[in-house]
Amino acid sequence: MRALAAAGAGRGSPVAVVPVGHTGVALAHGGTTWAYSADPAAVLRAVEAAFSPRWVWWTIRGTGSLLAGAGDDRSGADAGSTGRGLRPAGDGGTAPALCWDLAAVHRVLHGGRRDDPGAVWAAVRGLPPPPSPPRHRSDGQLDLLATIDESPKLPDTGDAGRVGDDVRADGPVGADGQLRPGWIEETLRGTAAGGVDVRLARAERFAELALVAMAAQERTLRALPDPRVRPTGVPLAVLTARAESAAELLAHELARRGLPVHRPTAERTIAGIIGPRPRDETGRVTARQARDAPVLRHLGPSVDLRSPLSLRAGLAAVGIDVPDTRSWRLTALRGAHPVIEPLLAWRRAERIATTYGFGWLDDHVGADGRLRGGWRGSDGAAGRMTADAGLHSLPGDLRVAVIAEPGYRFVRADLGQIEPRVLAVVSGDPELARATAQDDLYAPVAARLRVDRPTAKVAVLAAMYGQTSGAAGQALRQMRRTYPVALAYLDAAEAVGREPAAPAGVTRPPLRTFGGRRIPLPVRPDGTDEADGARDPERVNASWGRFARNAVVQGAAAELFKAWAVTVRQLLVPLGGEIVLCLHDELLLHVPTERADEVVAATRRALDATAGYWAAGSGVRFVADITVSERWSDAKS
DNA sequence: CGAAAGCGCGCC
DNA sequence: AAAGGGCGCGCTTTCG
C-alpha cells in the first residue's frame, strides 16, 4: 500500500484491478503495477480506505466477487465465492465510491449488448469486433469473466514458477492488434502455464491494458459531437460514463442484497388469490381444473385457455369474433357475453399461479426473507436497468408483502413525470420547460392545449411513444403547434430511426441520447434487416422510427435516474441505509427507522445536485415524491 | 429433440 | 387509413 501512495495515488485517480480466481489480484496505477496472491479483498479494502481511487475494471461480472461483503453474505447470489471483499454500504464498512466499468462505458459508446474484453479492446483500437468468446451461460449472456467464479483457487504458497519467457513469448495482443482470447481466459481463470508469479504477472499486464482502454474511452467521450460541458468543466458524456459505471456497481449490490419480503404475508396474499398451496402434483392439477372450470362452463371442455389459438376459436364459437384475445380487447366486450368476466378473472389468477405463485416464492425468496434476482445496469436498447425474478413487474397486489425489517423503514422516492421533463431538457423547448415549474406538469399543458388533463397526458405520452391514433392523434396536432421544439426533436429522432439506408458511401452520425449513449439501430441497406426481412418494409421502418423516438427520451430519463440513484447510494452509506429496488423512476430505500428523516432530506439533496448539473441551463425543474412507510404498498403514489 | 418465435401480461 | 416505447416471464406453437 505504501508503494501505491508513493506512486501518487489519490482520491479519484484510476486504479485498475484484475482478479485472478479468488486469491489473486493485480492492481495497476500510472506506470506501476502490483500483484497479490493472498487475501486480495483485504488489499482492495485498504486501498479504498486510504485513497478512494476510481476503480477500473473490465466488467463488474467476476470482479464483483471481490467486492462482496464479508459480514452479510447470506445471499447465495455469490455462491461459491469466498465472500471476502469491500464491505457494502450499511454494515459500517467501506463501499467503493468511484469506478470505471470498461464494459459499461463501451456499451454507452457503441450500443448493443456485447461488452467482453475482446470487444472493448478492439473498439478502443479502432479494430473490428473479434469473434464472440464462448458462452458459459444458458441465457445467452456473454459472460467470460464469470468463469473465474468457478475457477480453481490459486495456491498461496509453493508452485512458484519462473516469471519470464512464457509470459513475454505469449503476450496479450496478437499480430492483428486484437486481444488474444485464450490469453484473456487463461489470465482470468488463473490457468496459464507456470506458477503463481507467472499468472499474477499476466494479470498485472491485463490491469495495465485496462488503464490504456479507460484513457482511450475517455478521449472518445470527450470528442463526441455536442459535448455539453457541465459547470464542473466536464462534458456530460464523461459524467454519463461515470454514473453508468457506478450503476453497474449498484446493480451488483442489488443482486446480492435483495428486496425484503415478509414470507408469511406473501404466502397469505397468494393463497387469497389462487387458493392454498397444493400439497403435491395431484393437488396442482386439481387446483388448475378448479380455476379453469368457471370459464370452460361457457366455452366447453375442449378449449385450451392457455392456447391463444384455441381460446380465440372457442370465443368465435360462442359468437365473439376478435383478432386477438388481449385483455383490453376483451374488457371492451364486457357485458356482451357472460364468459368475458370469468375469463378476465381467470387471466389474473393464472398470472399469479404461474409467474408469481408459490413456486416463484420458493425460487426467489431466500430464508432471510430477501427476494433476489439478477440485475443489470442497462438494457440493450435505451439503457434502462433490468432485473430478473419479476423484480420489475411485481403485481401491485403482492406489494403488501414487501415489508421493512424490524428497526427499518422504507423510503420510497419517485420522480414525478420524469419523461416529459426530460423531453423539455433534451429538446430545449422553452414552452415545455416553463410547464415544468408546476408540480403537475400536465395541468399547464392541458391549459395551453385547451383540453382536459387526461387528454393532455395522453397527448404527451403519445408524442413520445409515436402513437398517432385515436383521441391522442387529435391532441397531438395541438401539441405540435404549442411545443414545436420538443416535437421537432422527437421527429428528428424518428427520422433517423426509420431511415432505411444512408446514401451509399455516406455515414451518418449514430443516434445518441442526451447523455451520449448510442442507441442501437439495425443496418438496413435495402430497407429491411435480416430479422425483419419477411415483414412489410414500411411497417418495419415505422416501428424503428417509434423505437428511436421513444429511446431518446426513455434513455435520457434512464441516465438522469441512474445518476440520481448512484448519488443516493453514496449519501446512504453514512446513514446506514441501502437501496433495495430501482424501478425506472422510483427508488426504494431500506433505512434505519431513526434515520428515515435524514434519508428523505439526503434523497432530495441528491436530486437537486444531480438535476443541477444534468439539466444545467435548461430551466427545467425535477420533482420527487418521497414517503416513509413500513410497507411498499403503503407509500402513497 | 431443443431452440426460437409468438402471444399475452405484469410493471415502468 | 392506420400507425404505442422498454423489460422479463411463462405458456404454446413452430422451426431447424
Side-chain angles (χ1 to χ4, degrees), chain A residues 113 138-141 273 288 304-312 322-331 343-344 346-357 359-360 363-364 373-399 414-419 423 458-473 476 490 493-494 497-498 513 519-520 531-532 534-536 538-558 561 581-588 632 637:
Chain A
R113 290 187 163 81
S138 56
D139 61 6
Q141 287 270 37
I273 298 169
R288 197 165 135 140
D304 180 357
L305 297 176
R306 291 162 189 83
S307 163
L309 232 61
S310 169
L311 177 59
R312 186 169 167 240
V322 281
D324 58 64
T325 67
R326 296 196 181 111
S327 66
W328 65 266
R329 217 182 275 285
L330 300 175
T331 306
L343 177 56
L344 289 171
W346 178 88
R347 279 264 169 85
R348 286 190 297 274
E350 187 69 6
R351 188 87 195 143
I352 299 291
T354 55
T355 306
Y356 297 105
W360 167 78
D363 288 345
H364 304 297
W375 282 81
R376 286 147 308 268
S378 74
D379 63 35
R384 296 215 294 200
M385 297 180 83
T386 62
D388 302 331
L391 281 158
H392 273 171
S393 49
L394 216 60
D397 288 345
L398 288 183
R399 297 186 181 189
D414 69 281
L415 299 178
Q417 304 160 344
I418 183 176
E419 291 197 344
L423 175 59
V458 169
V460 170
L461 295 177
M464 294 187 298
Y465 288 178
Q467 183 187 356
T468 54
S469 65
L476 202 56
L490 294 169
E494 178 178 331
R498 58 182 304 146
T513 62
I519 295 166
D532 289 320
R535 290 174 57 197
D536 172 12
E538 167 52 24
R539 282 177 61 95
V540 172
N541 290 345
S543 172
W544 283 108
R546 287 191 301 274
F547 166 72
R549 172 180 273 268
N550 181 253
V552 290
V553 178
Q554 186 187 96
F561 173 78
L581 193 69
C582 292
L583 205 45
H584 308 312
D585 64 352
E586 174 182 343
L587 286 173
L588 195 65
W632 188 16
S637 58

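Keep in mind that this is a model prediction, so the values were computed, not measured. Here is the naming used below: chain letters follow the sequence lines, and residue numbers restart at 1 for every chain.
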Please assess A:I519 against A:V552 for the test side-chain contact (heavy atoms from CB on, under 4.5 Å), listing each intermediate value before the final yes or no.
-> CA-CA 8 Å; A:I519 295 166; A:V552 290; 3.7 Å; yes
Using centres under 5.5 Å plus planes under 30 degrees as the test, is A:Y465 stacked with C:dG5?
->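 Stack criterion met.
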Whole-Å P distance, B:dG8 and C:dG4 =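 After rounding to an integer number of Å, I get 15 Å for this pair.
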Regarding A:T354 and A:R288, is there a side-chain donor-to-acceptor distance under 3.5 Å anywhere?
->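 No pair is found: no donor N or O on one side chain lies under 3.5 Å from an acceptor on the other.
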Name all residues meeting the ring-ring contact (aromatic ring centres under 6.0 Å, His included) criterion together with A:Y465; count only those two or more places apart in sequence or in a different chain, and write none if there are none.
->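 So A:Y465 forms no ring-ring contact (aromatic ring centres under 6.0 Å, His included) with any residue.
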Those residues that, when tested against A:H392, pass ring-ring contact (aromatic ring centres under 6.0 Å, His included) (two or more places apart) |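 Counting only residues at least two positions away or on another chain, A:H392 forms a ring-ring contact (aromatic ring centres under 6.0 Å, His included) with A:W375, A:H584.
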Please assess A:E538 against A:R498 for the test salt bridge (Lys or Arg N to Asp or Glu O under 4.0 Å), listing each intermediate value before the final yes or no.
-> CA-CA 9 Å; A:E538 167 52 24; A:R498 58 182 304 146; 2.8 Å; yes
Would you state whether a donor and an acceptor, one from the side chain of A:R326 and one from the base of B:dC9, lie under 3.5 Å apart?
->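 Such a pair does not exist between side chain and base.
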With sequence neighbours excluded, residues passing salt bridge (Lys or Arg N to Asp or Glu O under 4.0 Å) with A:D363 =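 Scan of A:D363 (salt bridge (Lys or Arg N to Asp or Glu O under 4.0 Å), adjacent residues dropped) gives none.
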From C:dG4, B:dC9, B:dG10, nucleotide with atom closest to A:P395 side chain |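 Among C:dG4, B:dC9, B:dG10, the one nearest the side chain of A:P395 is B:dG10.
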Which residues pass the side-chain hydrogen bond (donor to acceptor under 3.5 Å, both in side chains) test with A:W346, sequence neighbours left out?
->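 Residues passing side-chain hydrogen bond (donor to acceptor under 3.5 Å, both in side chains) with A:W346: A:D292.
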Any A:R312 side-chain nitrogen or oxygen under 4.0 Å from OP1 or OP2 of B:dG6 =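 Answer no for this pair, as no side-chain N or O of A:R312 is under 4.0 Å from OP1 or OP2.
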Indicate, with a heavy-atom threshold strictly under 4.0 Å, whether [X] touches base, sugar-phosphate, or nothing.
| X | result |
| --- | --- |
| A:G373 | nothing |
| A:A382 | nothing |
| A:R549 | nothing |
| A:R399 | sugar-phosphate |

Given that both pair distances must be under 3.5 Å and the pair must be Watson-Crick or G-U, what runs of three or more consecutive pairs involve DNA chain C?
->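 Stem list for DNA chain C: B:1-12 with C:5-16.
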Working to the nearest 0.5 Å, report the span between CG of A:L423 and CG of A:L490.
->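 Answer for the CG-CG pair, A:L423 versus A:L490, is 5.0 Å.
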Residues A:D324 and A:R312 bridged, charged N to O under 4.0 Å =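 No, this pair does not count.
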Using a 4.0 Å heavy-atom cut-off, write out nucleotides 9-16 of chain C from 5' to 3' as B (base contacted by protein), S (sugar-phosphate only) or - (no contact).
-> BSSSS---
